[in-house]
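For reference, the structure discussed in these notes is given below.
Protein chains get the first letters and strands the later ones, always in sequence-line order, with residue 1 at the start of each.
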Number of protein chains: 2
Amino acid sequence: MDLERLREATRRQMPEKRWVHTLGVVSEAAKLAKRFGGDRSKAELAALLHDYAKAWPIERQGQAIRDHGLPAELLEYDKELWHAHVGAWAVQAEHGVDDEEVLDAIRYHTSGRERMTLLDKIVCLADYIEPGRDFPGVNKIRKLAEHNLEEALVAGFDATIAFLMEKGKRIFPLTVIARNGLIDELKDRKKTGSAGG
Amino acid sequence: MDLERLREATRRQMPEKRWVHTLGVVSEAAKLAKRFGGDRSKAELAALLHDYAKAWPIERQGQAIRDHGLPAELLEYDKELWHAHVGAWAVQAEHGVDDEEVLDAIRYHTSGRERMTLLDKIVCLADYIEPGRDFPGVNKIRKLAEHNLEEALVAGFDATIAFLMEKGKRIFPLTVIARNGLIDELKDRKKTGSAGG
């Protein structure tokens with residue numbers, strides 16, 4: 001896998017604005033990996049690729065879900081969630097990216113999932129707080145991210161859920177399950193008195 | 001089933017304050033049944049019994065879940081949810097209430113569920129807006145309840161979810177699934193142009 005070729009291929013999938021966002025996520029993910037003891041190269045790779053399919057026409061994304069056996073339940077939910085699974089499929093099929101940890105971090109960067117890995121958390125949080133982001137509550141999340149990865153991510157999911165409620169839209173149950181898992185982690189850590197990430 | 005005996009038995013399960021709430025839910029459920037074409041006797045019966053086990057010591061509620069094959073996943077979630085299933089079991093076991101529609105409305109009055117029946121919706125909403133209730137947003141829900149059962153219930157679930165986020169507590173995924181189902185109903189109704197409930 002030639003990283004420079006992958007970078008250029010990724011850039012070609014999206015308009016300039018999305019590419020600037022991608023670079024922001026890469027740099028934020030590197031910082032979070034350093035801060036919380038994650039694998040920096042994997043974090044940067046997953047961050048680079050996280051929105052690979054985001055700017056694809058939605059029909060092409062739906063077609064990829066149907067044609068390549070991606071989770072069919074995605075089709076019932078907000079289209080915002082499709083690109084994550086489609087992107088993980090595409091970078092594997094088109095560029096041979098086969099690190100399952102990296103692919104999972106791409107797959108679950110929007111929804112989260114039940115037992116999030118450190119890499120999942122880093123990419124998901126970096127996507128919330130990269131320098132270009134501006135939404136209600138983002139500064140609170142950035143502040144939490146200075147010392148607590150899970151608390152910051154719960155605050156990120158809370159912002160997403162509040163936004164969806166405000167708009168009268170469906171909430172992806174997996175996001176609530178991911179959030180519950182993080183709350184359990186935080187509670188367990190308090191009990192055992194471990195400092196944690 | 002002697003309704004007067006059932007009333008007195010229910011009253012004996014709870015302190016006065018909870019009984020006053022129960023009477024509020026009965027009267028609100030009757031109003032909603034009339035407004036939205038539900039079965040008034042079933043609505044009043046389910047409302048009367050909805051908090052049957054609410055004031056039981058939590059150990060007794062947990063024991064009932066374990067001893068009588070109620071959904072074990074309840075034990076992993078907020079204890080606030082237990083009394084609904086325990087109450088449905090108790091009124092059947094102790095008083096022979098065997099109308100499954102009524103039992104389901106008791107069982108799901110706190111969480112909601114995927115495909116809520118008209119009776120489920122009436123009891124759940126009545127519990128949110130009975131005259132004694134006072135929480136942020138309750139008046140908005142009361143206003144919606146004047147003409148749209150599903151919109152009012154979505155607003156009720158939104159208030160619950162916002163409260164749990166505020167407190168940093170877990171959100172029961174079934175509530176999100178119930179809310180998604182109501183949003184789909186509202187969308188389908190708009191599409192078909194039907195006035196609906």
Shortest non-hydrogen contact from B/Ile177 toward A/Pro173: CG1-CG, 3.8 Å
Report the donor-acceptor contacts between chain A and chain B below 3.5 Å as a table, one pair per row.
from: A/Lys169; atom 1: O; to: B/Arg179; atom 2: NH1; distance (Å): 2.8
from: A/Lys169; atom 1: O; to: B/Arg179; atom 2: NH2; distance (Å): 3.2
from: A/Arg170; atom 1: NH1; to: B/Asp184; atom 2: OD1; distance (Å): 2.7
from: A/Arg170; atom 1: NH1; to: B/Asp184; atom 2: OD2; distance (Å): 2.2
from: A/Ile171; atom 1: N; to: B/Asn180; atom 2: OD1; distance (Å): 2.8
from: A/Ile171; atom 1: O; to: B/Asn180; atom 2: ND2; distance (Å): 2.7
from: A/Arg179; atom 1: NH1; to: B/Lys169; atom 2: O; distance (Å): 2.8
from: A/Arg179; atom 1: NH2; to: B/Lys169; atom 2: O; distance (Å): 3.1
from: A/Asn180; atom 1: OD1; to: B/Ile171; atom 2: N; distance (Å): 2.8
from: A/Asn180; atom 1: ND2; to: B/Ile171; atom 2: O; distance (Å): 2.8
from: A/Asp184; atom 1: OD1; to: B/Arg170; atom 2: NH1; distance (Å): 2.7
from: A/Asp184; atom 1: OD2; to: B/Arg170; atom 2: NH1; distance (Å): 2.2

Identify whether A/Val123 and A/Leu174 are in the same connected component of the hydrophobic contact network (ILVMFWY, side-chain heavy atoms under 4.5 Å). no
With a 4.5 Å cut-off on side-chain heavy-atom distances among I, L, V, M, F, W and Y, is there a chain of contacts connecting B/Phe36 to B/Met116? yes
Grouping I, L, V, M, F, W and Y whenever their side-chain heavy atoms are under 4.5 Å apart, do A/Ile141 and A/Leu182 come out in a common cluster? yes
Shared hydrophobic cluster for B/Leu70 and B/Leu103 (ILVMFWY, side-chain gaps under 4.5 Å): yes
Residues that, via side-chain heavy atoms closer than 4.5 angstrom, fall in one hydrophobic cluster with B/Leu164: A/Ile161, A/Phe163, A/Leu164, A/Met165, A/Ile171, A/Val176, B/Ile161, B/Phe163, B/Met165, B/Ile171, B/Val176
If hydrophobic clusters are built by linking Ile, Leu, Val, Met, Phe, Trp and Tyr wherever their side-chain heavy atoms come under 4.5 Å apart, do A/Leu45 and A/Val25 end up in the same one? no
